[in-house]
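Model, not experiment: these values are computed from the prediction.
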Amino acid sequence: MNTFEGCLNHEQLEAVNCLNGPLLILAGAGSGKTRVIVYRIANLIANKINPWNILAMTFTNKAACQMRERISNLVDPRLAGDVWISTYHSFGARILRAEHVAAGLKRDFNIFDDSDSKKLVEICLKEMNLDSDRYKPSVMCDMISIAKDKLLDPESYSLHAAASPESSRRVAAEVYELYQEKLKSMGGVDFGDILRYTVDLFKNNPDVLEKYRERFRYILIDEYQDTNYAQYVLTKLLAAKYKNICVVGDDDQSIYSWRGADIRNILEFERDYPETRVVYLEQNYRSTKNILDTAQKLIHYNHHRKPKDLKAVKPAGDKIEYVEFQNEFAEASGVADRIISGVRHYNRKYSDFAIFYRTNAQSRIFEENFVRAGIPYVVVGGCKFYDRAEVRDILAYLRLINNPSDDVSFRRIINMPPRGIGKSTAAIIINKAHEMRIPLFEALKVLSTEGTVKKAENFLKSISGLHAEKDNMDASEIVKIIIEESGYMEYLEGHKDIESQSRMDNVKELVSAVVDFEQHIGNKTLAAFLENISLVSDIDSFDEKKDYVTLITLHLAKGLEFPCVFITGMEEGLFPLTDSSMSLEEREEERRLCYVGITRAKEELFLSGASCRRIYGQMRYCIPSVFLKEMEICKLLSDVGMTDRDIVSMPRGLEFSGINSSSPYTRGKMIKHPDFGLGKIIDVSGTGDDVKVIVKFDSGFWKKLMVKYAKLEVI
């Protein structure tokens, strides 16, 4: 449409004007994919498509809100409000609420988050007399979650596990069966159930599926490369009739296989829809040419990808800098110095800077340095507000009010704050529940009539009364009443310390959160609020408007952008986080993760690593990441096969290990080890009897060896 010609480039306009049939938009990093989705929805509405018939899926609540706001700026806000924009899980939860009878669920089912699921698995392990140290609840949760993402119910998973040589899978199958039995008896669902039950609902109820196919005649999916099998099947079911499906994504940014995402969904989209039209978005509006060229040099080493040739709209910009520091402490200090210099001398704000790292553990040393240096910062993905103990306590009250069958919430608050319900009384309640096959709250009611648990009478009265009236009250009213009636604030006040004051502030903030939800969403029911917070992701609470440095893992950084980016820990074994047993697919995903990190940078990109780093309490000598060689950041020494220390930028006073010229063990020499075979010396340190060598063996792994004891043979 000519209306949008001045707002979009040629390829974007082509995608926006393709209204009917399957459309695959391969959107390179920084190419304006969200802009295209927003304008395409606006164009559908401008062409008299009923907004009620449009469904847009994205992966975070934050992205969904931003998309909704941007559409409202292009069309009548009342029309924009009729477009269904949500995450997959929010979509599934809403469908299951509306169709709870057909889905076989209670109307007010609670959504168990990761913490709730882990607690329930712990209960299952205890009942099954399984050692939680050997069969870790978090691992069992992950295995169950993966099964659900593959749409495997307990029976199907048990069949798969029976054929597996891994005993842990067979144990997980047994735990899954009991876990699901308990979850169902509590009227609860977890994240995996939301999509699995929605798919089952559609497959088992053709009339329900037909209703939603008729409603959602036009479907748009953002970040399609991140969809898992359950999301893929759900999307295919909905789109099968009209095939007006537009998927947007970038196979080069597929980084979530560890949580079930399948890159084949985007790579094989044309197989599923042979009449697909493909549009490439290759104009990058985010990064400078130097940053973009560096990213493309790296990603070209991947084989499983659709070729793209991104072109930077911005000029060349600054060169990419790589610094190898002496250790992780020097790295954190050097990064802090660079930030302070940028703020003091180059008119930068703290919010211009972001520190990326491969593992959460790397943030600690940066945090300590920033505290000493007076640098304000935020750790994204750290302890979330809704994960704090006092907040979870109040939420457990609300969840029990919403659904009195929720045994996990009951266990958490039956004696919080303390009301004289000790372990022996709790055991009586649990035994009564098992004996009568009823929820714990119902068992407490029975025992109360028998006069066994008089100390819980006020608790019973409060929960029962609020449950009966919950549909007639605003969520904010309920939370205020339960805080008062439970005596929780008085309990915190009784501690009279700084931490208690902070915890009281968090409880008050929870009340504010409920009020904010009611005002912004318009739905004031308790069930709606609980559903909303259950589906909040780590990134949803990130506020880019506040002036602080962002510390964040590379996985969480996807979808964000910053003027200045530091990618730290550029060392073999850390980033890429690989070992000799890693598959080609896993190595390629590590490379895509690095590509994502690079393309978050708008103006400046700094890469850093350490010569040595303490890992699990042991000092480890580090090898520069192979990604540096692939990015052509460092000069290559052809006779050694590793990146040179002749780096673009080197801190003054940096000391490197010396070389003993009289020793036959020098850099570049080939050696043979009696156990590890052939290898090449890539560095030497120490003198005399203390000479140590770093050897990269032909098998792909490397070791630090003391020459005196290693029995090396120079080739």
Side-chain angles (χ1 to χ4, degrees), residues 108 110-113 115-116 119 188 383-421 426 439-441 444-445 448 453-536 541:
D108 291 330
N110 280 344
I111 298 175
F112 279 44
D113 61 18
S115 179
D116 300 321
K119 186 64 180 177
C383 183
K384 295 182 290 185
F385 175 74
Y386 292 112
D387 281 344
R388 290 167 180 157
E390 59 277 9
V391 175
R392 292 198 69 86
D393 286 344
I394 301 302
L395 288 177
Y397 273 97
L398 299 180
R399 289 156 65 88
L400 193 62
I401 290 166
N402 186 60
N403 176 10
S405 297
D406 187 341
D407 285 356
V408 170
S409 293
F410 179 91
R411 286 173 183 259
R412 184 180 185 97
I413 59 172
I414 181 57
N415 199 41
M416 178 54 66
R419 53 176 62 90
I421 307 294
L440 294 174
F441 188 75
L444 181 63
K445 280 185 179 179
S448 178
V453 285
K454 291 185 177 180
K455 293 177 180 177
E457 285 181 359
N458 290 336
F459 173 79
L460 268 172
K461 181 180 178 182
S462 183
I463 299 296
S464 299
L466 289 170
H467 173 69
E469 294 296 323
K470 70 183 179 68
D471 292 334
N472 304 319
M473 300 173 66
D474 293 351
S476 55
E477 290 181 76
I478 296 173
V479 71
K480 290 174 184 175
I481 291 171
I482 202 62
I483 289 172
E484 180 179 349
E485 291 187 355
S486 67
Y488 198 88
M489 292 297 263
E490 290 84 351
Y491 161 69
L492 293 179
E493 284 176 353
H495 287 76
K496 299 185 183 300
D497 55 26
I498 296 175
E499 184 181 352
S500 292
Q501 183 59 54
S502 175
R503 295 178 69 190
M504 289 168 64
D505 290 341
N506 287 334
V507 172
K508 293 173 184 175
E509 183 61 27
L510 175 61
V511 178
S512 299
V514 179
V515 173
D516 287 344
F517 171 79
E518 292 175 344
Q519 292 177 349
H520 287 94
I521 304 301
N523 189 333
K524 297 187 176 184
T525 65
L526 178 61
F529 172 72
L530 291 173
E531 179 177 305
N532 179 71
I533 61 169
S534 293
L535 300 176
V536 168
S541 58

*Pairing residues for Tyr491 by the ring-ring contact (aromatic ring centres under 6.0 Å, His included) criterion, not counting sequence neighbours*: Tyr488, His495
Rounded to the nearest 0.5 Å, how far apart are [atom1] of [X] and [atom2] of [Y]?
X	Y	atom1	atom2	result
Arg388	Asn506	CZ	CG	5.0 Å
Asn403	Phe410	CG	CZ	13.5 Å
Met504	Glu490	CE	CD	8.5 Å
Leu530	Leu535	CG	CG	11.0 Å
Asp393	Leu398	CG	CG	11.0 Å
Ile413	Leu400	CD1	CG	5.0 Å

[X]: side-chain hydrogen bond (donor to acceptor under 3.5 Å, both in side chains) partners, not counting sequence neighbours:
X	result
Asp407	none
Arg411	none
Glu518	Ser476
Glu509	none

*Main-chain N/O of Gly188 paired with Asp406 side-chain donor or acceptor, under 3.5 Å*: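 Flag not set: sc Asp406 to bb Gly188 has no pair under 3.5 Å.
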*asked:* Donor-acceptor check, side chain of Arg399 to backbone of Ile111, threshold 3.5 angstrom: yes or no?
replied: yes
Which residues share a side-chain contact (heavy atoms from CB on, under 4.5 Å) with [X], sequence neighbours left out:
X	value
Ser462	Leu466, Ile482, Glu485
Ala528	Phe517, Asn523, Thr525
Lys445	Phe441, Glu442, Leu460, Ser464
Arg392	Asp113, Ser115, Asp116, Asp387, Arg412

Do you know the tightest heavy-atom contact between [X] and [Y]?
X	Y	answer
Pro417	Tyr397	CD-OH, 3.6 Å
Ser409	Ala396	CB-O, 3.5 Å
Arg419	Ile414	NH1-O, 2.7 Å
Pro439	Pro404	CB-O, 4.2 Å
Ser448	Glu457	OG-CG, 4.2 Å

*Worked verdict on Gln519 versus Asp516 for side chain to side chain contact (heavy atoms under 4.5 Å, CB included)*: CA-CA 5 Å; Gln519 292 177 349; Asp516 287 344; 4.3 Å; yes
*Give the C-alpha distance, both sets of side-chain angles, the deciding distance and a yes or no for side chain to side chain contact (heavy atoms under 4.5 Å, CB included) between Leu510 and Leu395.*
CA-CA 9 Å; Leu510 175 61; Leu395 288 177; 4.2 Å; yes
_Stepwise side chain to side chain contact (heavy atoms under 4.5 Å, CB included) check, Leu444 with Phe459_ = CA-CA 10 Å; Leu444 181 63; Phe459 173 79; 3.8 Å; yes
